[in-house]
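Only one structure is covered here, and it is reproduced in the block below.
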Protein chains: 2
Amino acid sequence: MASVQEIDLHATEVYPGTQAVARALALLKAFSDAQPEWALSDLAQAAGLNKTTTFRLLSALEAERLLMRNPLSGGYRLGVELIAIGGTAMRSNPLRAMSRPVLVTLAEQSGEAATLEVQVENCVLVIDEIASSNPMGMTQDVGNRLPIHATATGKVLLAARTDAALAGFLAEPLPALTEQTIVDPDCLRRELARVRQEGVALAVGELEPGFTAVAAPVVDRERAVVAAISVGGPSLRLTRERLPSLAAMVQMAARQISRQLGYWPG
Amino acid sequence: MASVQEIDLHATEVYPGTQAVARALALLKAFSDAQPEWALSDLAQAAGLNKTTTFRLLSALEAERLLMRNPLSGGYRLGVELIAIGGTAMRSNPLRAMSRPVLVTLAEQSGEAATLEVQVENCVLVIDEIASSNPMGMTQDVGNRLPIHATATGKVLLAARTDAALAGFLAEPLPALTEQTIVDPDCLRRELARVRQEGVALAVGELEPGFTAVAAPVVDRERAVVAAISVGGPSLRLTRERLPSLAAMVQMAARQISRQLGYWPG
DNA sequence: TCTGTTGTTTCACGATATGGAATATAGTAT
DNA sequence: ATACTATATTCCATATCGTGAAACAACAGA
């Protein structure tokens, strides 16, 4: 019936007695870079909710400034309060706070931009980014979600998944962002095996043409891969010869952060 | 009874039929830079909610990754999903998108950091920031809330308030952040009158020692002050002699943005 | 003017959120 | 060890609060 693409109302059956909250949050999550503005009816349909219910929830979110309305179109947009809360979330993130000095050193040492990323659903989320000391590289990606299969950090995080979880992910087609993006499931599987073995991932022009990145996993006390860090920059600067030494730096930094998290190798 | 400071559950009576959502959002807003982690009981008490209710709401927020728990203390913290949503909110903010090129020009022209800020409750919220071309100035303040009475942008926004709204604000004591912070209500009132007349606000060492900023209002189609922009930097560089010319630049840039919003002077 | 679409309000119903009480799980002092 | 205190978590009967159909209002296009 719904012709508009469906938003998943979170298959994971939620806590009992939180329907309204879960629905409100699902509505919030419907907003994205691709669709930053929603009309009430469309959003109601996409979320599979009654129009009245949607209206009431959106009104509550608007009253709290988490949403705002476009005065011209009447459409809903994410509000300023979310920028504030997001900023607080960023600054209070313990992983970010721990990693920052290491990232700064890594960026200086490598002369490239360094990032800290975690997995959120089937994307990697940029938690922190230290700009390259070399000018240009102004990516400003903090808070951005990137496709997990086309990034070095993403591959590191994917490599840590169980075969079952991986199979589920690979069941759906992988979008190609560039000519180089790995879209063949078997090809990606082999790549991930390599990543798992070597403890480093590369992405050469797979996210965007001319951009190369090297990533390594951050491991916590329970030996779970909780994040990945990377250095990245123009492929012209991150030449094939430099990659091994960059990989070593990234791995070293990642191990340093892991140790702070209580991870002890062996 | 409640010895912990109370969180205001939003005096403005909310939309009927959204109690749970409003409460959940109030819980989210309880997290701040000053108090980034809450124990269940404390938060329940501060929000004036039953412990069970609080637990259920927090669980729902945690399930959606808007909150996470500190594995050591068991305390609640803002989660990564909020960083993602906050990033989306920032990038999709129309005011920010409009202002950015103007801000970039302003930063180049002045050689200082330029910011765009809006009012949210009794704070100013930094929506965008273009770092100074001169090194140092690395403030990284986007998403940060600053006290409205101690910032140039804040004064601009305060100056636009009605006398009644202002009186309400001035009823409570103004915290001093530095020696220079204006804490006397009458003194601030006079300052705001000046700002209203001249259309520019200054803050010299009022937010932090040695930091000076100049701000001007951004006005929309309905002649409402919706934001303020500023340039700021070390007081040693923003000398008394430079301030008039900087003020002119900021005002020019603000007028440019206002015009894009449909404001037409006269 | 009519018609289709949007956003908004109303309201009766019952599913759903609520909070007291009971239980579990620590952490601290005795 | 044991009792004690302060947490977090589960259970469950109750009625409050969220729900969605329907009706209304405000447009835009034909």
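Side-chain atoms are counted along with the backbone in the values below, which use heavy atoms only and exclude waters and symmetry mates. Chain letters run A, B, ... following the sequence lines, proteins first and then strands; every chain starts at 1.
When the nearest nucleotides of DNA chain C are assigned to B:Leu72 and A:Val21 by heavy-atom distance, the more 5′-ward of the two goes with A:Val21. In this structure, A:Lys51 and A:Ala20 both approach DNA chain D, and ranking their closest nucleotides by distance from the 5' end singles out A:Ala20.
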Next item on the list: Carefully, step by step, assess A:Thr153 and A:Ser230 under the rule side-chain hydrogen bond (donor to acceptor under 3.5 Å, both in side chains).
Entry: CA-CA 6 Å; A:Thr153 44; A:Ser230 76; 5.4 Å; no
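Note on A:Thr52: a base of the nucleic acid sits closer than 4.0 angstrom, heavy atoms only.
The side chain of B:Arg23 contributes no N or O atom lying less than 4.0 Å from OP1 or OP2 of D:dG18. Considering only side-chain N and O atoms, A:Ser41 lies nowhere under 4.0 angstrom from the phosphate OP1 or OP2 of C:dT5. Contact annotation: B:Ser59 does not reach the phosphate of D:dT9 (side-chain N/O to OP1 or OP2, under 4.0 Å). An OP1 or OP2 oxygen of D:dG20 is reached within less than 4.0 angstrom by a side-chain nitrogen or oxygen of A:Thr53. Of the side-chain N and O atoms in B:Arg56, none sit less than 4.0 angstrom from OP1 or OP2 of C:dG19.
Checked by atom type and distance alone, the side chain of A:Glu129 pairs as donor or acceptor with a backbone atom of A:Asp141 at under 3.5 Å. Judged purely by atom type and a 3.5 angstrom limit, A:Arg69 uses its side chain to pair as donor or acceptor with the backbone of A:Gly74. Not a single donor-acceptor pair under 3.5 Å links the side chain of B:Lys155 to the backbone N or O of B:Ala215.
Atom-to-atom, CG of A:Asn50 to C1' of C:dG7 comes out at 13 Å; the value is rounded to the nearest Å. Computed from coordinates, the B:Gln19 CD to C:dT16 P distance equals 16 Å when rounded to whole Å. Atom CH2 in B:Trp38 sits roughly 13 Å away from atom P in D:dT7 (whole-Å rounding). Between B:Arg69 atom CZ and D:dA8 atom P there is a gap of 7 Å when expressed in whole angstrom units. For the pair A:Leu40 CG and C:dG7 P, the interatomic distance rounds to 5 Å; values are reported in whole Å. Taking atom CG on B:Leu57 and atom C1' on D:dC17, their separation rounds to 13 Å, with Å as the unit. Here the C1' atom of nucleotide D:dA8 and the CD atom of B:Gln45 are 15 Å apart, to the nearest Å. Here D:dA23 presents its C1' atom at 15 Å from CZ of A:Phe55, a figure rounded to the nearest Å.
Interatomic distance, A:Asp128 CG to A:Asn93 CG, rounded to the nearest 0.5 Å: 9.0 Å.
For A:Thr18 and C:dA17, a side-chain-to-base donor-acceptor distance below 3.5 Å is absent, hydrogens and geometry of angles not being considered.
Inspection of the B:Arg161 and B:Gln119 side chains reveals an N or O donor paired with an N or O acceptor under 3.5 Å.
Helix-axis bend for the helix from C:dT1-D:dA30 to C:dT30-D:dA1: the local axis fitted to the five terminal pairs at one end deviates from that at the other end by 40°, rounded to 10°.
Judged by the 6.0 Å distance and 45° axis criteria, B:Arg77 is not positioned over the aromatic ring of B:Phe31.
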